[in-house]
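Just below is one structure, and these are the notes that go with it.
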Amino acid sequence: MAASKNNKEKLPTLLPSGNREYSFFEQVFEVARQIPMGRVTTYGAIAEYLGAKKSARMVGWAMNAAHDQTPPVPAQRVVNRNGMLSGKAHFSTPTLMQELLEKEGITVQNDTVVDFEKILWKPE
DNA sequence: GCATTGACGAAGG
DNA sequence: CCCTTCGCCAATG
């Protein structure tokens with residue numbers, strides 16, 4: 001079955017605007033909500049879990065819409081593969097993301113999560 | 001409707 | 001080791 005790639009059962013359509021059906025975006029939201037307090041994950045890990053490892057960018061894009069989701073999506077727990085708070089600029093204030101993480105017991109230095117690999121959590 | 005832009009990541013130079 | 005390019009796919013201009 002090398003000729004066919006049928007692993008695309010999820011998601012072509014999405015759009016947080018208008019369409020409220022299950023979509024790649026919503027799946028991202030759900031996974032993000034699974035991240036335990038005090039832990040973090042990466043865009044790539046979420047994308048990989050959803051079967052679209054190469055679409056890590058879409059995960060980040062989904063996070064853009066996450067602000068409007070209920071229950072809220074802990075977007076602060078999603079960082080890039082280096083443990084860097086690449087999304088902090090998209091929060092209300094440039095420091096909010098770090099502050100939220102620190103409230104959960106996560107130490108952040110130089111926009112990067114300390115002991116990132118130790119607190120890294122991956123969906124299963 | 002094409003071109004640019006991403007909260008990414010892996011690969012190449 | 002640092003920088004650039006490519007892939008991925010939706011949103012925006």
Side-chain angles (χ1 to χ4, degrees):
Chain A
M1 47 175 57
S4 62
K5 53 181 216 184
N6 45 13
N7 201 9
K8 280 190 97 163
E9 57 179 276
K10 9 198 137 193
L11 81 92
T13 49
L14 38 104
L15 279 316
S17 55
N19 191 345
R20 289 289 183 184
E21 285 196 43
Y22 279 101
S23 62
F24 184 80
F25 279 42
E26 286 209 359
Q27 292 183 56
V28 172
F29 301 151
E30 285 189 58
V31 174
R33 292 186 190 114
Q34 311 305 313
I35 308 172
M37 167 96 52
R39 307 289 295 277
V40 297
T41 194
T42 68
Y43 304 97
I46 295 175
E48 184 176 35
Y49 172 72
L50 296 179
K53 180 165 104 182
K54 296 179 180 179
S55 299
R57 284 176 137 188
M58 297 301 99
V59 177
W61 205 258
M63 285 293 127
N64 237 346
H67 293 292
D68 207 346
Q69 300 305 314
T70 51
V73 177
Q76 70 276 12
R77 295 179 190 153
V78 185
V79 297
N80 72 359
R81 72 168 184 96
N82 297 313
M84 188 169 148
L85 280 54
S86 48
K88 68 169 192 172
H90 292 263
F91 283 75
S92 306
T93 67
T95 56
L96 181 58
M97 186 174 185
Q98 177 170 340
E99 290 173 9
L100 289 172
L101 290 173
E102 290 177 336
K103 284 177 184 173
E104 300 182 0
I106 297 174
T107 305
V108 178
Q109 285 182 1
N110 197 15
D111 294 336
T112 304
V113 175
V114 176
D115 292 330
F116 164 64
E117 295 186 14
K118 292 181 182 176
I119 65 176
L120 175 61
W121 174 90
K122 289 187 179 180
E124 59 179 318

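Below, chain A is the first sequence line, B the second, and so on; all start at residue 1.
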For A:Asn80, answer base if it contacts any base atom (sugar-phosphate contacts may also be present), sugar-phosphate if it contacts only those atoms, and nothing otherwise; contact means non-hydrogen atoms under 4.0 Å.
-> sugar-phosphate

At under 4.0 Å between heavy atoms, what does A:Ala89 touch on the DNA or RNA strands: base, sugar-phosphate, or nothing?
->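 A:Ala89: no heavy atom of the nucleic acid under 4.0 Å.
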
Round to a whole Å and report the spacing from [atom1] of [X] to [atom2] of [N].
X        : N      : atom1 : atom2 : value
A:Arg81  : B:dA11 : CZ    : C1'   : 11 Å
A:Lys53  : C:dC8  : NZ    : C1'   : 13 Å
A:Lys88  : B:dA7  : NZ    : C1'   : 12 Å
A:Met63  : B:dG6  : CE    : P     : 18 Å
A:Leu50  : C:dC9  : CG    : C1'   : 14 Å
A:Phe116 : B:dC8  : CZ    : P     : 13 Å
A:Asn64  : B:dG6  : CG    : C1'   : 9 Å
A:Asp68  : B:dA7  : CG    : P     : 19 Å

Distance-only donor-acceptor check, side chains A:Gln76 and A:Gln98, under 3.5 Å = no

What is the distance from atom [atom1] of [X] to atom [atom2] of [Y], rounded to the nearest 0.5 Å?
X        : Y        : atom1 : atom2 : answer
A:Ser55  : A:Phe24  : OG    : CZ    : 5.5 Å
A:Asn82  : A:Phe116 : CG    : CZ    : 7.5 Å
A:Leu101 : A:Leu85  : CG    : CG    : 5.5 Å
A:Ile35  : A:Lys122 : CD1   : NZ    : 13.0 Å
A:Phe91  : A:Met63  : CZ    : CE    : 9.0 Å

For DNA chain C, find the residues of residues 39-47 of chain A with a heavy-atom distance under 4.0 Å and give them by number; none if there aren't any.
->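 DNA chain C contact set from residues 39-47 of chain A: none.
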
Note: A:Arg77-A:Glu104 ion pair, threshold 4.0 Å (strictly below) | yes

Which of these passes side-chain contact (heavy atoms from CB on, under 4.5 Å) with A:Val28: A:Ile46, A:Val73, A:Val78?
-> A:Ile46

Output yes when a side-chain donor or acceptor of A:Arg33 lies under 3.5 Å from a complementary backbone atom of A:Pro74, and no otherwise.
-> no

When you check every protein heavy atom under 4.0 Å of nucleotides 1-7 of chain C, what one-letter string (B, S, -) results, 5' to 3'?
-> ------B

Could you give the distance separating [M] and [N] at their [atom1] atoms, to the nearest angstrom?
N     : M     : atom1 : value
B:dT5 : C:dT4 : P     : 15 Å
B:dT4 : C:dT5 : C1'   : 16 Å
B:dA7 : C:dC2 : P     : 22 Å
B:dA3 : C:dC6 : P     : 15 Å

